[in-house]
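For reference, the structure discussed in these notes is given below.
Just so it is clear: chains get the letters A, B, ... in the order the sequence lines come, proteins before strands, and each one is counted from 1.
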Amino acid sequence: MEQLPKWADLIVVPLVGLILAFILSMLMVLATGHDPLDALKLMVSGALGSTYGWGYTLYYATNFIFTGLAVAVAFHASLFNIGGEGQAALGGLGVALVCLFIPWPHWTIALLAATAAAGIFGALWALIPAYLQAKRGSHIVITTIMFNFIAASLLNYVLVNQLRPKGAMDPATAKFPKPSHLPSLGEILNSVGIPFAKGTPANVTLLVALAACVFVYYLIWRTRLGYQLRAFGKSQPAAVYAGINPVKITIITMMISGALAGLMAINNVMGEAERLILGSVEGAGFIGIAVALMGRSHPIGILFSALLFGALYQGGAELGLWTSIPRELVIVIQALVILFTGALDNMVRLMVAKVLVRPKRAEA
Amino acid sequence: ADPAIIFDLGGKFDKSFNEAAFNGATRWAEETGSRFAEVELQSDAQREQALRRFAEAGSNPIVMAGFAFGNALGEVAGDYPDTRFVIIDMVVDAPNVRSVVFNEHEGSYLVGYMAAQASKTNTVGFIGGMDIPLIRKFACGYAQGAKAANPDTKVISNMTGTTGAAWNDPVKGGELTRAQISQGADVVYAAAGGTGIGVLQTAADEGILSIGVDSNQNHLHPGKVLTSMMKRVDNAVYNAMKDGPGLETGFSVMGLANEGVSYSMDEHNASLVSDEMKATVDAVAAKIIEGEITVHDYMSDESCPSLSF
Amino acid sequence: MSTAPAIELKGISKAFGAVQANKDISIRVMPGTIHGIIGENGAGKSTLMSILYGFYKADKGDIYISGQKTAIPDSQAAIAAGIGMVFQHFKLVQNFTVLENVILGAEDGALLAPSLRKARKELTALAAEYELNVNPDALIEEIGVGMQQRVEILKALYRQADILILDEPTGVLTPAEADQLFRILHRLKDEGKTIILITHKLREIMEATDTVSVMRRGEMTATVKTSETSPEHLAELMVGRKVLLRVDKTPAQPGEKVLEVENLRVVDAAGVERVKGISLEVRAGEILGIAGVAGNGQSELLEVLGGMENGTGTIRVNGKELDLTGKFSDARSRRKRGIAHVPEDRQREGLIMDFKAWENTAFGYDDDDAYRAGLLMDNAAIREDAQGKIERFDVRPANSELEAKSFSGGNQQKIVLAREIERDPDLLLIGQPTRGVDIGAIEFIHQQIVALRDKGKAILLVSVELEEILSLSDRIAVIFDGKLMGERLPAETDEKELGLMMAGMTGKDS
Amino acid sequence: MDYLTLLQILDSALRLATPLLFACLAGLFSERAGIFDIGLEGKMLMAAFFSAATAYSTGSVWLGLLAGIAGSMVLSGIHGLASITFRGNQLISGVAINFLASGLTVLIGLSWFKLGGQTPSLSGDARFQGIDLPFAEAAMSVPLIGPLYAEVLSGHTLLVYVALLCVPATWYILYRTRFGLRLRAVGENPAAVDTAGISVVGLRYAAVAICGVLCGLAGAYLATGLGASFVKEMTAGRGYIALAALIFAKWRPWYALSATLLFGLLEAVSNRYPSLDLGFITLPSQFMQALPYILTVVILAGFVGKATPPRAGGQPYVKER
Ligand SMILES: Nc1ncnc2c1ncn2[C@@H]1O[C@H](COP(=O)(O)OP(=O)(O)OP(=O)(O)O)[C@@H](O)[C@H]1O
Ligand SMILES: Nc1ncnc2c1ncn2[C@@H]1O[C@H](COP(=O)(O)OP(=O)(O)OP(=O)(O)O)[C@@H](O)[C@H]1O
Ligand SMILES: [Mg+2]
Ligand SMILES: [Mg+2]
């Protein structure tokens, strides 16, 4: 494989991949009888062209940061956690219980408590698959898939039969009491004099997500635990040689991963919906896999790929609002972006290398 | 201003109320040659977004299908006093909102009544998409109707699943139908969106009768679908759009009386429903309208006299 | 002298990214000879041979087989040209049987049964002809490396190779196995086959080859007739300076007992008893060498001592008993008791190949206070510490930011040694310290081990290299089938006697 | 539970297991060759769509089957391109394929049939019909075995029998043919295959192609065998369950049959007993719906133990770093 300068590898390659994905997508828009340039403009300006757009883009990105980090942490220990969906759902349950049944004096305290609850519930939902993997060798991929289904059933039961206010149609909890409502990004920024669209769902959780990125960075690359879990992920016999306890590491890693997935709930459940509704995770757990893989399991990479997916979501919503382009097209665009920036990145790299490296050879 | 319609997460082709809403809007557009704005949501967070965006863009009235819009509309309606909103399947108390709810239990009662009449095994089945209150409402009305026609009727009820896939799993729908058939059911009522396609198909294949839901699904398997419980979401949408920006707000119940719900009769099921049967059902319908028969609404006290969940 | 060379390489160059592994190499190998290739770790020997075998594609250069210019774009072409190769890292499918591995790629038809039948017959014939006995139905993962190598040779012979390349074949063999290998090679040579032999062991070069080529840093520096050279001369050609081929050490001054093992037993995961009641002791300032054929329990012995496996019996270090099964039976607790461990398999256990060198120098010691800054690890301190170790142990290249996998085997071993020795342990466990390591590095590693002994530390050395055991140890214990066969002093024994004991024949006094 | 009920449940289990079995064997071929595939779901969905669409348009279920297989193989080709030729990340590629199928099927369906992404329902020759095995009627009179034969084994569509036959066929190919030997080898140690003079790339593409064919059969069975039309997202997570079954089966054909039958059985049981009255407590329907998954975890933890995937699985074959 050709060697590319680092800047090209980090910036040019993903960018070219993105462009390729969009060219294909726009061809598809053309095929469905719409104007591709208009669509593209609408998507980009809808997602990034206004603080309103950012308000949504950042909201989705916040979700994906959490689930992406969750997948990434497990990945560093060679554990494939497909259970983000279930863990985030359980995180939602934790948030709901804390917000519904305890009268909080102020949102800051409520946020702390909800963060703890979301993390603990998510972690506990990851605990059993982790324990079974560590002690019984049950493959974590199967158990986490199974736990997603079990979580869905559990939430269905709890929401329909337990937490739903009497007489409500919605399989959802009651609205959380006022003091537990989180300030939106708009409110925060406006209060310090930065104009930002109100009424968008991005909220203070974004800061928690950024903090989580920093936390994961330090955890993975600067702490002993991170050192040990990376070592364990690279070579289990070596981990044993170094005195790293495989059972302990597996369980701790998965619980951290589950907690991160669970934290997503403070964004969508507490920050946005302000109540727990059925199916609130909306596939973010699965998108987290793509986000983590595309971000190369590094917090900064995850931040960017979460932003990309957030922008795709919001851009897609704008398409849906102002054109008759079917929403499935947005799914196809997402697929192509994942494909070209994630799976076919080496193809793109080769193409870029042809352009960048050839001329240099010729000079020499 | 053009009207706008917002479809719920299931999408406008969900074989259920979204699709009915879409049909109503399309009918209006075709008849009047006008246009309407529309959007299919992908995320819960987009409810408020879509409402605000359409309202700001001047759409009026804005129609939405699905109880899940209740919260978002509650927040938004006050901010756009000049815009009229129509919400279906949910009540939102605001001066510029028309809330349309359907007495699905009444319609389900009628088809349940017919099911019991048509059943030779005294066993009828119900297949719901997901165990949520709305579906229980359908099931409960159906069971009451079946027992009313014949107190010995056994009602078997299944829910398809607990994830979103539950509404789009015709294969599982078919398998549930077979399971009910093997327990003796010879009429099955599906209230499960795309899953229902599989229910009706399997029922037709296995030679038993089925009952469609929401729109008239009799044509899907002529001579094999006993009837369909019509929930005229299409009419509600059509009317809203026809009434235009000046539409009357308030609370409107669509029941048997105003043909908001009904059972369908057409050439496809004429052979299945004898005149006699039709007469008794119509009589029952009349009694419900007059209040002589009260169909218990599951949502009124969250319990069902004829079926346990 | 008009016969064409069996192989002629002309102007072969190959770069891996920035690494120029082969630079304009030319070499001729005459038919019916054994041609040796020596060179330091990373000199490019394996790369050159892999090009000849079609595994890598050369950037430049031509290959001539029996005088004919031949393109070898892939291994299929190499096989067709009559070339067989036994790689340094075997290319066997672990969960296949011997037979399946032999026929892989050389099947006779779409169905397996006839191929298997034919191969079974052929294998019996080959086994008889070349003393290459293997159980055709054994799984590769269940047989020892010596056997695995036989399978590799059989693979080549089954494909009727006329030219056989062996890349460091004796690195993992016992002396007896190595001797047998050379008998086979001579037999093959007598039949007119051409053999290329890569090895780090000058003795083997001197004994087995007709011609020898020396490689250094990607270049071919010399080709000489074996009869016209000496080990010292070759060593100098290879390393570029004079090398001490003997270990230089003074007699041991044993002190206190550091390690005492009594009746140690180890049962592996499959329930097989691998160590069957071993007792031994090592004193401060001495090296106890454990000789034995691989797979006789020495690995398990090391693993229990190092805290990687559980066992029963009693182990005392500095008079204090170790926990063998409980909470303190892990490797970390062992380190706290002053035990350092250089594992047998540096790539699988001793290093994290994807970690940078500096990260590897803290491996196993990440809880050291010197490496800690509050809640975090003090990466700056680790880096600094690593750079020192790398310089003191002459790791090349002396760049602690490189990943472990980009160092050659010898330099990887130096990283592990630096880490373990500089801990100043009371007891050093060391397994196969020079496996696959070139002579320049061997000299250095041996010096370090002796220096540690001279500091009054106890050393338990496990090696399958009898030469190494004999020259390093102060006492030698021989292990066979999980039991010690007896102890010898190096001065009073020789390879022959040890070899017999390793085969389970009881020695003079036990 | 009487005998007849048991038979009915088994009958249902067999039908529910069939798509899982196809997909599981598909994954088996791919993963045995070292290419992980979480895109089974997407391929099934693609196949379901194209089989239904073509069967409807042409009136021939056979053409539908071919089109379904073709649709699935296109996605296989993409997966191969990404993970074999360009040595990309196999998991990402699989995720992308699932998204792609989910979007494309509806998109194309909308523009072809204007039915909301659904295809019109199939009838007659456009779908697979049940086949009565010989003597099924007569066998009914034989006690125990007879009804088992007539109720459970007889009366399924052709694809069910094809799926069952695929199990011994897979076993035979894998363990008795040259191709199988090479396939297994390339998933364990591609370097061994390469140095034996066999093309790693060729083998892996072949495996991925077979995976495509089998996913095609799975999808076609869903849309033209069990069901009679395509409905968006109609695979409903079966690809993931098949993946779980594959791990459960430790990548072995006969175990794959047992694993998928077990999944089918558990689902059939929970279908049959939507809520269970144990006398003192009634298990809610949600619990019964989760039961197959709970039992899977229990069985996995209690009886199956460690499953070792093919050693080279998931990693692209790279010779030169
Ligand atoms: N597949 C590869 N990709 C990248 N670099 C490689 C590869 N194989 C070898 N190298 C590099 O090429 C150089 C020559 O390596 P080679 O394996 O040929 O050395 P060698 O002489 O066989 O050494 P040793 O005695 O340790 O086996 C080394 O620097 C090595 O790191
Ligand atoms: N029975 C034993 N067998 C082997 N090692 C032991 C045993 N008991 C203690 N050790 C090791 O000796 C070390 C010293 O014991 P001590 O209880 O003082 O721990 P420590 O130095 O405080 O270490 P830590 O910080 O881990 O608590 C232990 O950490 C453990 O690794
Ligand atoms: Mg080498
Ligand atoms: Mg202590």
Side-chain angles (χ1 to χ4, degrees), chain A residues 1 28 31-33 75 80 82 128-129 131-133 135-139 141-143 145-158 160-161 286-287 289-290 293-294 296 325-350, chain D residues 38 42 78-79 81-83 85-107 109-111 117 232 237 240-241 243-248 284-294 296-297 300-302 304-309 316 318 320-321:
Chain A
M1 197 124 304
M28 231 165 266
T32 53
F75 238 81
F80 190 19
I82 319 197
I128 301 171
Y131 177 84
L132 292 178
Q133 157 95 38
K135 281 283 197 192
R136 313 277 327 177
S138 316
H139 206 293
V141 169
I142 320 184
T143 44
I145 291 179
M146 295 299 135
F147 266 67
N148 285 340
F149 286 108
I150 299 172
S153 291
L154 179 66
L155 260 91
N156 187 303
Y157 177 78
V158 169
V160 171
N161 297 326
F286 290 111
I287 303 238
I289 298 171
L293 291 169
M294 283 175 55
R296 297 291 180 258
I325 292 174
R327 66 174 175 172
E328 282 75 18
L329 189 75
V330 178
I331 301 180
V332 173
I333 296 178
Q334 280 172 9
L336 292 172
V337 168
I338 300 175
L339 195 64
F340 280 98
T341 58
L344 283 172
D345 56 337
N346 283 332
M347 181 182 85
V348 179
R349 194 163 290 129
L350 274 177
Chain D
I38 53 174
I78 294 178
H79 191 50
L81 199 68
S83 52
T85 304
F86 290 110
R87 299 174 194 148
N89 185 309
Q90 299 170 11
L91 294 174
I92 308 190
S93 170
V95 171
I97 281 169
N98 288 339
F99 274 83
L100 199 60
S102 149
L104 274 185
T105 46
V106 179
L107 220 50
L110 274 174
S111 79
K232 68 175 177 180
Y240 294 102
I241 301 285
L243 206 63
L246 177 60
I247 301 172
F248 213 158
S285 66
Q286 289 91 349
F287 180 81
M288 291 307 289
Q289 264 151 0
L291 196 60
Y293 310 115
I294 296 172
T296 302
V297 173
L300 207 58
V304 176
K306 214 178 182 100
T308 327
V318 190
E320 309 189 8
R321 295 179 298 268

Using non-hydrogen atoms and a 4.5 Å limit, figure out which bit of [X] sits close to chain D: side chain, backbone, both or neither.
X	value
Asn148(A)	neither
Phe147(A)	side chain
Tyr131(A)	neither
Ile289(A)	side chain
Leu329(A)	both
Leu339(A)	both

State, to 0.1 Å, how close [X] and [Y] come at their nearest heavy-atom pair, and which atoms those are.
X	Y	value
Pro326(A)	Leu110(D)	CB-CD1, 3.8 Å
Ser138(A)	Ala301(D)	OG-CA, 3.5 Å
Met146(A)	Ala244(D)	CE-CB, 3.8 Å
Leu344(A)	Ala82(D)	CD2-CA, 3.5 Å

Part of [X] within contact of chain A (heavy atom distance under 4.5 Å):
X	value
Leu291(D)	neither
Leu91(D)	both
Ser111(D)	neither
Ile241(D)	side chain

Query raised in the report: Looking at Val95(D), Asn98(D), Ile247(D), Leu81(D), which one has more heavy-atom pairs under 4.5 Å with chain A than the rest?
Result: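 Greatest number of close heavy-atom pairs with chain A: Ile247(D).
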
Report task. Go through Leu107(D), Leu246(D), Ile92(D), Ile38(D) and name the one with the most non-hydrogen pairs under 4.5 angstrom from chain A. Result ->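 Highest number of pairs under 4.5 Å: Ile92(D).
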
Report task. Answer yes or no: is there a side-chain heavy-atom contact under 4.5 Å between Ile287(A) and Phe99(D)? Result ->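 Ile287(A) reaches Phe99(D) side chain to side chain.
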
Query raised in the report: Would Leu104(D) and Glu328(A) satisfy side-chain contact (heavy atoms from CB on, under 4.5 Å), going step by step from the backbone distance to the final call?
Result: CA-CA 7 Å; Leu104(D) 274 185; Glu328(A) 282 75 18; over 6 Å; no

Pick whichever of [options] has the most heavy-atom pairs under 4.5 Å with chain D.
options	answer
Ser153(A), Pro129(A), Ala152(A), Ala151(A)	Ser153(A)
Leu132(A), Ile150(A), Asn161(A)	Ile150(A)
Val337(A), Ile128(A), Val332(A)	Val332(A)
Ile142(A), Leu154(A), Ile331(A)	Ile142(A)

Please round to the nearest 0.5 Å and tell me the distance separating atom [atom1] of [X] and atom [atom2] of [Y].
X	Y	atom1	atom2	value
Asn346(A)	Arg87(D)	CG	CZ	8.0 Å
Gln289(D)	Asn156(A)	CD	CG	7.5 Å
Ser93(D)	Asp345(A)	OG	CG	11.0 Å
Leu300(D)	His139(A)	CG	NE2	9.5 Å

Query raised in the report: Does Asn89(D) reach the main-chain N or O of Ala343(A) with its side chain, forming a donor-acceptor pair under 3.5 Å?
Result: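 Side chain of Asn89(D) to backbone of Ala343(A): no pair is present.
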
Report task. Kindly say whether the aromatic ring centers of Phe286(A) and Tyr240(D) come within a distance under 6.0 Å. Result ->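 They qualify: ring centres under 6.0 Å apart.
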
